[in-house]
2 protein chains.
Amino acid sequence: MGMGRPRAFDADAALDQAMEVFWRHGYEGATIAQLTEAMHINPPSLYAAFGSKEGLLKAALDRYTEKRDAWMEKVLGAPTAREVAERFLMEHADAQTDPANPPGCLLVQGGLACGTGSANVPFELAARRNHTEDQLRDRFVRAKADRDLGDGADPASLARYLSAVASGMCVMASSGATREALREIAAVSLKAFEEQSKGDA
Amino acid sequence: MGMGRPRAFDADAALDQAMEVFWRHGYEGATIAQLTEAMHINPPSLYAAFGSKEGLLKAALDRYTEKRDAWMEKVLGAPTAREVAERFLMEHADAQTDPANPPGCLLVQGGLACGTGSANVPFELAARRNHTEDQLRDRFVRAKADRDLGDGADPASLARYLSAVASGMCVMASSGATREALREIAAVSLKAFEEQSKGDA
DNA sequence: CCACATCTGTAGCGAGCACTACAGATCGAT
DNA sequence: ATCGATCTGTAGTGCTCGCTACAGATGTGG
C-alpha cells in the first residue's frame, strides 16, 4: 500500500503565518480566506492538516508556546529573583513592540471574549497565560528556599503581579504604546517587586 | 404634521442590556440576534435608534463612559496622589469582579484585535482607555504642583503605570481571577507607586 | 376624522462565513 | 505498470451574519 502524495508545504512555516493572522485580527476576526492566503495553501490542505479553524489555532498556540518556553528558560535562568523579574518585564516590553510581530501578545490579542460558538478559545488562551505565571511562581518558590527572597515574600503573589503587568503591557502595546513607554512601566513595576520581595514574615 | 408613533422601549435600559452582551462576548462575538433578544426589541427598532451594530457599540460605550466618569470623579477627589492610586486600583479590583457585571472591563473585553471590517473598534476602545489615563495624569500634575508628589515623580509615567496595571487586572479577571487575587495585585502595585512618587529630581 | 410621521413585528435579503465534494495529481508498494 | 493512499486546486455547500423592505400600528396636527 502506498503512502500517498506528500504534503507540498511546510507545516511549521504555515503555522508561523497563521499565528501572525490570529495575532493581528484575533481568533474571530481572522477568516479562513485570510489564513489560507497567508499560509499559501488552499482550504482543503488546511483542514486536512489541522482539522478546523480552532484546531489551527491550537496548533499555532503550541508553536507559540514552544518559542515562549525557550524564551522563559532564559528568563528563569537569571541568578536572582529580582533579575528574573527584570528580564521578564523588559523582554516583554521589547517583544510586544517588536516590529517583526503584530503588537502585543497572541495570548491576549487572540481573544478575551468570544461568541458562543468559540467559547473555549478564551479558556485555551488563559491556560497558556497561566502556565507562564506558574513557571514564575515555581522559580520564586525556589528563590525563597535559597534565601534569595525574604520570608515575607509570597511567590504566588509576586508571580501573579508580574503576570498582570505583562498582560497590561499587552493591552497598551496593542493600542500603540511605544517601546519606551512599556520599558518605563516595567521599570516602575520593578520597584514594587523589589519592595515586596524583601518583606519579612 | 404629526410626530409619529412614539418609541416603545427605553433607550438607556436597552443600552445597558447591549453593554452586557458586548462585554461578555466582545464586539465581534456579539450577534444582532443576541443583542435584540437582550434588549427586548426587534432589529428594525435597533437600526432606527442606533444606525448600525457599530453605532450601537458607540452608544453603549458613551453610556459606559458616563458611569465611569462619575466613578473617576470620586477616585480623583481623594486628597493625595497615593490615595488616588489606591482608590483607583482597589475599586478596579472590585468592579472587575462584581458579579452584577461580566468579568473584566468592557473597554478591554470589547475587542483588542478585530477583523478588517471592524478595524476601528479597537481604536474606539483604546481612545476611551486613554481618556482615563489622561485624567490620572492631570490629577498627578496637580499633585506635583501641590508638592504632594516629589520633584522626580513623572505624572505621565505614573498614570501610564496605573493604567497598565488596571488593564492587566482586566485580563486576569476575564480568565477567572478572584477579587482577592486582584486586590493583592493592587496592593503590590501600590508599593511601586509609593516608591516612585517620592523620587527627587 | 383624516393626513402624515414615526415606530413595530414579520419575513427575508445579499454577502460572507467555516467548511467540503470532487476530480486530478503524485507518491510508495507490489 | 498498476493500485491504493494521500495531497492539491476548483468550485462550490449550507448556514449565519448584519441589515432592511414592507405592511400594520400608533402617535400628533389640522
Side-chain angles (χ1 to χ4, degrees), chain A residues 1-15 17-19 21-22 24-61 110-111 113-121 124, chain B residues 1-15 17-19 21-22 24-61 110-111 113-121 124:
Chain A
M1 31 195 149
M3 288 175 57
R5 177 175 175 175
R7 178 175 290 161
F9 65 95
D10 176 35
D12 281 340
L15 278 180
Q17 303 302 318
M19 198 188 299
V21 176
F22 283 132
R24 194 173 300 279
H25 297 293
Y27 175 75
E28 294 191 306
T31 70
I32 297 291
Q34 287 173 323
L35 289 163
T36 53
E37 184 184 350
M39 298 165 83
H40 301 293
I41 61 176
N42 292 307
S45 298
L46 190 160
Y47 282 89
F50 306 107
S52 65
K53 186 184 178 185
E54 196 169 325
L56 174 63
L57 175 72
K58 286 184 185 168
L61 288 177
C114 280
T116 49
S118 323
N120 41 342
V121 167
E124 194 73 32
Chain B
M1 32 194 147
M3 289 175 55
R5 176 175 175 175
R7 180 176 287 160
F9 64 96
D10 176 37
D12 280 340
L15 277 180
Q17 303 302 318
M19 198 189 298
V21 176
F22 283 132
R24 194 174 300 280
H25 297 294
Y27 175 75
E28 294 191 307
T31 69
I32 296 292
Q34 287 174 322
L35 290 163
T36 53
E37 185 184 351
M39 299 165 82
H40 302 293
I41 60 175
N42 293 308
S45 298
L46 191 160
Y47 283 88
F50 306 108
S52 66
K53 185 183 177 185
E54 199 170 323
L56 175 62
L57 175 73
K58 287 184 185 168
L61 288 177
C114 280
T116 49
S118 324
N120 38 343
V121 168
E124 195 72 31

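Every chain is numbered from 1, with letters handed out A, B, ... down the list of sequences.
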Quiz prompt | Distance, rounded to the nearest Å, where B/Phe22 contributes CZ and D/dG18 contributes P | solution = 9 Å
Quiz item: What nucleic acid atoms does B/Ala49 come within less than 4.0 Å of, heavy atoms only: base, sugar-phosphate, or nothing?
Solution: nothing
Quiz item: Over how many whole Å does the gap from A/His25 atom NE2 to C/dC17 atom C1' extend?
Solution: 16 Å
Quiz prompt | Closest listed nucleotide, where the reference is the side chain of B/Arg5 and the choices are C/dT6, C/dT20, D/dT20 | solution = C/dT6
Quiz item: OP1, OP2 of C/dT8 versus side-chain N and O of B/Ser45: anything below 4.0 Å?
Solution: yes
Self-check item: Non-hydrogen atoms of B/Glu28 and B/Ser118 that approach each other most closely
Solution: OE2-OG, 3.5 Å
Exercise. With DNA chain D as reference, determine whether A/Pro43 or B/Tyr27 sits nearer its 5' end, using the nearest nucleotide of each.
Key: A/Pro43
Practice problem: Please test A/Asn42 against A/Thr36 for side-chain contact (heavy atoms from CB on, under 4.5 Å), starting from the C-alpha separation and ending with a verdict. | Solution: CA-CA 6 Å; A/Asn42 292 307; A/Thr36 53; 6.0 Å; no
Self-check item: Spacing between A/Leu35 atom CG and C/dG16 atom C1', to the nearest angstrom
Solution: 15 Å
Exercise. Grab the two heavy atoms, one from A/Tyr47 and one from A/Lys53, that are nearest each other, plus how far apart they are.
Key: CE2-N, 4.2 Å
Exercise. In sequence, state the C-alpha distance, the side-chain angles, and the governing distance for B/Leu56 and B/Leu15, and then conclude on side-chain contact (heavy atoms from CB on, under 4.5 Å).
Key: CA-CA 8 Å; B/Leu56 175 62; B/Leu15 277 180; 3.7 Å; yes
Self-check item: Selection from C/dC7, D/dC7, C/dC19 that lies nearest to any side-chain heavy atom of A/Arg7
Solution: D/dC7
Exercise. Could you tell me the separation between the CG atom of A/Leu46 and the C1' atom of D/dG9, rounded to a whole number of Å?
Key: 14 Å
Quiz item: So which nucleotide from C/dC27, C/dT10, C/dG28 ends up closest to the side chain of B/Asn42?
Solution: C/dT10
Quiz item: Counting side-chain heavy atoms from C-beta on, which of D/dT28, D/dG18, C/dG28 comes nearest to A/Met3?
Solution: C/dG28
Quiz item: Counting any heavy atom closer than 4.0 Å, what does A/Phe50 reach on the DNA or RNA strands: base, sugar-phosphate only, or nothing?
Solution: nothing
Quiz item: What distance do A/Thr31 atom OG1 and A/His25 atom NE2 have between them, rounded to the nearest 0.5 Å?
Solution: 8.0 Å
Practice problem: Choose from C/dT26, C/dT20, D/dC19 the nucleotide whose nearest atom is closest to any side-chain atom of B/Lys53. | Solution: D/dC19
Quiz item: More 5' along DNA chain C: A/Ala30 or A/Pro44, using each one's nearest nucleotide?
Solution: A/Ala30
Practice problem: Grab the CD-P distance between B/Glu37 and D/dG18 for me, whole Å please. | Solution: 14 Å
Practice problem: Please report, rounded to the nearest Å, how far the P atom of C/dG9 is from the CD1 atom of B/Ile32. | Solution: 16 Å
Self-check item: Nearest-angstrom distance from the residue atom NE2 of A/His40 to P of D/dG9
Solution: 12 Å
Exercise. Look at B/Tyr47 and D/dT20 and indicate whether a side-chain polar atom (N or O) is within less than 4.0 Å of OP1 or OP2.
Key: no
Self-check item: Interatomic distance, A/Glu28 CD vs D/dC17 P [rounded to whole Å]
Solution: 11 Å
Quiz item: Heavy atoms under 4.0 Å, any strand shown: does A/Ala8 hit a base, just sugar-phosphate, or nothing?
Solution: sugar-phosphate
